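Predicted model, so just to flag it, every value in this text is computed and none were measured.
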Amino acid sequence: MLTLFGVRNQRRSSRPLSVGDMDYLEPKTKNNLLGKLLLLASLVILAIIVISRSSSFTPPSVFSQREEGVTHVLVTGGAGYIGSHAALRLLKDSFRVTIVDNLSRGNLGAVKVLQGLFPQTGRLQFIYADLGDPAAVEKIFSENAFDAVMHFAAVAYVGESTLYPLKYYHNITSNTLGVLEAMARHKVKKLIYSSTCATYGEPEKMPITEDTPQVPINPYGKAKKMAEDMILDFSKNSDMAVMILRYFNVIGSDPGGRLGEAPRPELREQGRISGACFDAARGFIPGLQVKGTDYKTSDGTCIRDYIDVTDLVDAHVKALQKAQSRKVGIYNVGTGKGRSVKEFVEACKKATGVEIKVDFLPRRPGDYAEVYSDPTKILRDLNWTAQYTNLQDSLQVAWRWQKIHPHGYASY
């Protein structure tokens, strides 16, 4: 009985002591609880200090959140000639813009110009990344809330593509696949794809319509057509809105004088004829080389449809605005008028005021005799037509920027 009584008392002593209706913890239990609370508080304070001092910690970005009334556009290749002009137009029209570029062909100076024009929070961000890096592409899409993609990023020289075809298939076709896959994973609903008239090759009939057979004759055109085919196949079972713009030979620059064309020096030989004309006019090269004078054209030189970059980016914006879910729009973007290379050279001489020396050489591999567009469809569907159609005027605008920036964006 004494033993049982003693056990019974021990059990009672393990419970809180009671006085009236109130319970009191024993001093030892109170001390343990207080110690635990102090330890927990210390750990919380330490965690806050570590996080706040961590260089990797940043508050959520406005670019990572969707905002009513704001369209966030990813512009790949946005540091390049056409991409930077497109970004400028989008920003002027109050779009939110993210530029992704690896600067292999683009210019950081162009991005700095845009950042200076639109410094407000949430307007523009630049991400240095290579679209050929799947991890980088996934990070970009997972950390940003895009509503649409304008995909310009690509190497784009016909002659170079014949020398380094695998580079072109990787950069254009493979990278486009990576972008498309990321868009699908992250449910980005609009794609405006920058394609080219080079997918048509050398058609038997002019002008070129969107129904003209695509038979490209150089790796650049072939890589672009393969990218188009992937997009079209994917769109058959997707609710993505797709616009494919096949454009012709781009010239000109921002009429406001803020942006221009500035190819890297090592690429000048492969670049656009306008760049070569300006280099010859400034004395950077001894003269202009016209490659091919035996084509079946009126003066023996190639005939091309020259589209001003301001008109071109206007077509992209209209395509973005008109894009509809589960539908694909394919449009030629050109003036509908072909001009020979000799005509172009004469216009360049007048625009620069320089009597440029011209050397006539054999054909360049992969070139075709005559290409110009029929813009009927884009006028009908998007209410777009080229406004800057005077060749000399477009070249004069570009020349003004070239004279002020003889070394491109090097001063930025």
Side-chain angles (χ1 to χ4, degrees), residues 62-78 82-83 86-87 89-100 122 125 131 137-138 140-154 172-196 199 209-211 214 224-247 312-333 375-385:
V62 294
F63 293 92
S64 67
Q65 304 168 26
R66 285 192 166 81
E67 185 176 334
E68 187 176 352
V70 177
T71 301
H72 185 185
V73 183
L74 167 62
V75 180
T76 70
I82 300 171
R89 170 62 189 274
L90 289 168
L91 289 162
K92 286 170 65 178
D93 287 359
S94 299
F95 288 86
R96 177 172 289 162
V97 175
T98 292
I99 290 174
V100 171
Q125 70 169 337
L131 296 180
V137 173
E138 176 59 25
I140 290 165
F141 277 84
S142 63
E143 294 182 355
N144 292 277
F146 300 124
D147 298 297
V149 174
M150 282 191 182
H151 185 32
F152 293 98
I172 294 172
T173 311
S174 178
N175 288 2
T176 298
L177 175 60
V179 170
L180 193 61
E181 289 175 330
M183 290 180 68
R185 284 194 303 272
H186 295 276
K187 297 179 172 53
V188 182
K189 298 299 185 181
K190 290 186 179 182
L191 171 63
I192 314 301
Y193 182 62
S194 167
S195 193
T196 171
T199 63
T209 72
E210 289 78 3
D211 295 324
Q214 291 177 286
K224 281 288 189 178
K225 184 181 183 301
M226 289 174 68
E228 282 192 20
D229 289 342
M230 285 191 310
I231 294 169
L232 293 173
D233 285 342
F234 170 74
S235 68
K236 292 174 183 176
N237 297 299
S238 167
D239 60 355
M240 189 180 292
V242 174
M243 292 289 203
I244 295 173
L245 303 184
R246 298 171 183 157
Y247 44 87
L312 180 60
V313 298
D314 182 54
H316 280 77
V317 173
K318 281 187 166 60
L320 176 61
Q321 293 168 339
K322 296 279 189 177
Q324 297 180 40
S325 177
R326 297 184 180 277
K327 292 188 177 181
V328 177
I330 300 176
Y331 299 99
N332 291 335
V333 188
T376 300
K377 184 181 177 184
I378 193 170
L379 172 61
R380 182 188 68 227
D381 292 358
L382 305 187
N383 194 32
W384 178 91
T385 188

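Remark: aromatic rings of H186 and F146 are distant, center separation not under 6.0 Å. Aromatic pair Y247/H316: ring centres closer than 6.0 Å.
Taking the side chain as every heavy atom from C-beta outward, L191 and I231 approach each other to under 4.5 Å. With a 4.5 Å cut-off on side-chain heavy atoms, V149 and M183 count as touching. The closest side-chain heavy-atom distance from M150 to L74 is not below 4.5 Å. Using a 4.5 Å heavy-atom threshold, the side chains of R96 and F63 count as touching.
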Criterion side-chain contact (heavy atoms from CB on, under 4.5 Å) on F141 and R185, from CA distance to verdict: CA-CA 9 Å; F141 277 84; R185 284 194 303 272; over 6 Å; no
side-chain contact (heavy atoms from CB on, under 4.5 Å) evaluation trace for T98 with V75: CA-CA 6 Å; T98 292; V75 180; over 6 Å; no
Derivation of the side-chain contact (heavy atoms from CB on, under 4.5 Å) call for N144 and Q125: CA-CA 11 Å; N144 292 277; Q125 70 169 337; 2.6 Å; yes
Intermediate values then yes/no, side-chain contact (heavy atoms from CB on, under 4.5 Å), M243 and Y331: CA-CA 8 Å; M243 292 289 203; Y331 299 99; 3.7 Å; yes
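Taken from CG in D233 to OG in S238, the straight-line distance is 12.0 Å, to the nearest 0.5 Å. The distance from atom CD1 of I378 to atom CG of L245, rounded to the nearest 0.5 Å, is 6.0 Å. R380 contributes atom CZ, which lies 9.5 Å from atom CG of L382 (distance to the nearest 0.5 angstrom). Here K322 contributes atom NZ and K190 contributes atom NZ; the two are 11.5 Å apart, rounded to the nearest 0.5 Å. Put simply, CZ on R246 and NZ on K225 are 8.5 Å apart, with the number rounded to the nearest 0.5 Å.
Checked by atom type and distance alone, the side chain of K189 never pairs as donor or acceptor with a backbone atom of Q324 at under 3.5 Å. Panel note: side chain S325, backbone D239; a donor-acceptor pair is recorded below 3.5 Å.
When all heavy atoms are compared, the tightest approach of A154 to I172 is CB-CG1, 3.9 Å. Shown here for L320 and A148, the closest heavy-atom pair between the two residues is CD1-CB, 3.6 Å. When all heavy atoms are compared, the tightest approach of V137 to G178 is CG1-O, 4.1 Å. Here the closest non-hydrogen pair linking A145 and R66 is CB-CG, 3.8 Å. Between K377 and I330, the shortest heavy-atom distance links the atoms NZ-O, 2.9 Å. Of all non-hydrogen atoms in A227 and T173, the two that sit nearest each other are N-CG2, 4.3 Å.
Shown here are the side chain to side chain contact (heavy atoms under 4.5 Å, CB included) partners of T71, two or more places apart in sequence or in another chain: V73, F95, D147. Legend: residues meeting salt bridge (charged side-chain N to carboxylate O under 4.0 Å, His left out) with K318, ordered by chain and number and at least two apart, are D314. Considering only residues two or more places apart in sequence or on other chains, E210 meets the salt bridge (charged side-chain N to carboxylate O under 4.0 Å, His left out) condition with none of them.
The side chain to side chain contact (heavy atoms under 4.5 Å, CB included) test with K224 singles out one residue from T196, I244, D229, and that residue is T196. Of the candidates L177, T176, N175, L131 forms a side chain to side chain contact (heavy atoms under 4.5 Å, CB included) with just one, namely N175.
A side-chain N or O of H151 and one of T76 form a donor-acceptor pair less than 3.5 Å apart. A side-chain N or O of S195 and one of E228 form a donor-acceptor pair less than 3.5 Å apart.
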